[in-house]
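Down below is the structure, laid out as structure tokens.
Letters A, B, ... are given to chains in the order of the sequence lines, protein chains preceding strands, and every chain is numbered from 1.
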There are 2 protein chains.
Amino acid sequence: MKQEKIPDVVVRRLPLYLRAVEDFDRREHAIVSSSQLGEWTGLTPAQVRKDLAFFGEFGKQGIGYNVKFLHEQLREILGLTTDVRVGLVGLGNLGRALLHHNVDARIDGSAVEGDPARWVPESLRIVAAFDVDPQKVGITYAQVPVYHVDEFAAKVRELDLKIVVIAVTPESAGAVASECVKAGVKAILNFAPVKLDVPEDVKVHSADLTLELQSLAFYTR
Amino acid sequence: MKQEKIPDVVVRRLPLYLRAVEDFDRREHAIVSSSQLGEWTGLTPAQVRKDLAFFGEFGKQGIGYNVKFLHEQLREILGLTTDVRVGLVGLGNLGRALLHHNVDARIDGSAVEGDPARWVPESLRIVAAFDVDPQKVGITYAQVPVYHVDEFAAKVRELDLKIVVIAVTPESAGAVASECVKAGVKAILNFAPVKLDVPEDVKVHSADLTLELQSLAFYTR
DNA sequence: CTATGTGAAGTGGTTCACAGCT
DNA sequence: AGCTGTGAACCACTTCACATAG
């Protein structure tokens with residue numbers, strides 16, 4: 001292991017490994033091999049090993065990886081061992097659906113089979129929502145308090161929001177992103193169909209439905 | 001230009017170019033250069049040129065690209081010049097939000113500034129939804145008829161659905177994907193947090209909220 | 001004999017740089 | 001002079017293959 005910069009592609013695969021390991025844990029495997037993880041995730045065993053090697057030597061040669069140990073390590077690496085508090089801006093249809101998703105995953109949590117709670121670990125949770133609509137401000141939606149966007153900066157600090165989900169109109173998304181940057185938020189999940197201009201040290205992942213559909217359209221001809 | 005296989009990364013950027021060109025068109029530019037497109041999309045001019053060169057010689061040396069012509073070519077390439085009919089399986093919170101999104105983008109369509117309709121061209125539209133809940137089957141939600149999943153295969157053929165959006169529970173997603181494959185669907189947008197096993201010739205794009213959030217969490221430590 | 005960790009080789013996508021057209 | 005199209009150089013990630021440990 002060398003503590004160099006971790007490629008983004010690798011970081012994007014980590015949650016996949018986490019999910020795989022949780023599944024093996026649930027199925028009571030004590031040990032997993034890189035081949036098994038590769039099978040599960042659809043990646044090559046070599047890639048699994050290389051990726052994990054960025055962060056340490058988690059396996060035993062000739063044996064494989066201890067499931068519980070690797071699970072803990074991955075949570076550690078991803079920063080999921082402590083609470084990661086998430087804010088949501090924009091309570092339109094999408095924003096509300098995301099809030100429902102947020103609680104649903106928690107409520108059916110203790111349920112059997114497929115156990116959705118596993119997919120949204122306790123540590124990663126939307127704890128505050130923001131909107132401009134006076135009708136929405138002040139209420140509690142899906143167990144999450146809704147504040148006016150004017151309070152955004154203050155609440156980011158007060159609640160120590162680490163990630164912000166942007167689910168507003170394309171026209172407002174840029175302004176919201178600026179607010180995030182000003183407030184010191186380093187990670188943004190953007191659902192608005194616009195490119196957000198942010199400093200290098202702020203990570204933006206975009207979930208742009210239209211872009212996805214349009215590129216899929218290419219493969220239908 | 002050489003009619004080789006187009007890399008997936010390139011295909012994923014095409015909708016971005018389309019969006020950029022639409023914006024330049026809206027702002028009444030007759031010509032764009034690869035630098036301008038690069039600026040808009042956040043890519044290098046060289047990459048823009050290389051990408052477009054996969055499909056033909058659309059520009060004029062010393063001049064740039066004709067906006068209207070490039071727009072038309074991109075729509076052609078993406079297969080958006082004819083209707084692309086989309087089906088949605090799963091009418092939970094997320095599915096319903098997607099349907100609203102579907103109409104909203106259309107209704108405010110003629111509005112000014114930022115013009116959301118541009119982001120969801122007429123040609124790409126959810127025209128049928130499916131669920132198992134008898135309460136939902138038979139109604140029309142957000143102007144889209146809701147059928148029972150039992151009718152899925154039949155409706156895919158009847159309505160010529162080209163893309164299917166999966167917004168069901170992780171437990172059912174696999175089965176729905178199989179149905180898609182059987183019905184000949186070649187493109188799937190999957191919102192369920194599971195890996196779908198499909199043949200090579202079927203494209204799956206996954207929009208996995210939890211994966212995105214978890215990988216973002218990495219950058220917050 | 002099994003499976004990790006890792007240099008070395010390979011692959012594929014990006015950037016450079018320039019010929020050629022306007 | 002300005003800008004495209006493209007071979008060549010470059011770079012980054014992936015896969016191979018093997019020394020090493022159990």
Closest nucleotide among D:dC13, C:dG13, C:dT4 to the A:Val9 side chain | D:dC13
Smallest heavy-atom separation, B:Asn93 atom then A:Ala97 atom, equals O-CB, 3.6 Å
Nearest-angstrom distance from the residue atom CZ of B:Phe54 to C1' of D:dT6 | 11 Å
Starting at the 5' end of DNA chain D and moving along, which residue's nearest nucleotide shows up first, A:Val10 or B:Gly59?
-> B:Gly59
Round to the nearest Å and state the distance from A:Leu14 atom CG to D:dC13 atom P.
-> 14 Å
Short side-chain N/O contact from A:Tyr65 to OP1 or OP2 of C:dG5, under 4.0 Å = yes
Hey, is NZ on B:Lys60 packed in by over 12 heavy atoms from elsewhere, all under 6.0 Å?
-> no
Rounded to whole Å, the CD-P distance (A:Glu57 to C:dA3) equals 18 Å
Residue pairs fulfilling salt bridge (charged side-chain N to carboxylate O under 4.0 Å, His left out) with at least one residue in residues 212-221 of chain A, sequence neighbours excluded | A:Glu212-B:Arg12
Got more than 12 heavy atoms from elsewhere within 6.0 Å of CD, A:Glu179?
-> yes
Salt bridge (charged side-chain N to carboxylate O under 4.0 Å, His left out) between B:Asp25 and B:Arg27: does it pass, once the steps are laid out?
-> CA-CA 5 Å; B:Asp25 190 25; B:Arg27 303 209 315 269; over 6 Å; no
Round to a whole Å and report the spacing from CZ of B:Phe58 to P of D:dT6.
-> 12 Å
Rounded interatomic separation in angstrom, taking CG from A:Asp51 and P from C:dG5 | 12 Å
Distance test, side-chain N/O of B:Ser34 to OP1/OP2 of D:dT4, below 4.0 Å | yes
Between A:Thr210, A:Leu211, A:Leu209, which is the residue that forms a side-chain contact (heavy atoms from CB on, under 4.5 Å) with A:Leu213?
-> A:Leu209
Quick one: B:Arg13 CZ to C:dT15 C1', roughly how many Å, whole number?
-> 12 Å
For nucleotides 15-22 of chain D, 5' to 3', base contacts (B), sugar-phosphate-only contacts (S) and non-contacts (-) with protein non-hydrogen atoms under 4.0 Å give BBB--BBS
B:His29 pairs by ring pair (Phe, Tyr, Trp, His ring centres under 6.0 Å) with which of B:Phe24, B:Trp40, B:Tyr65?
-> B:Phe24
Atom-to-atom span, CG of A:Leu52 to C1' of C:dT4 - whole angstrom | 11 Å
note: B:Lys5, atom NZ; C:dT11, atom P; distance rounded to Å ~ 16 Å
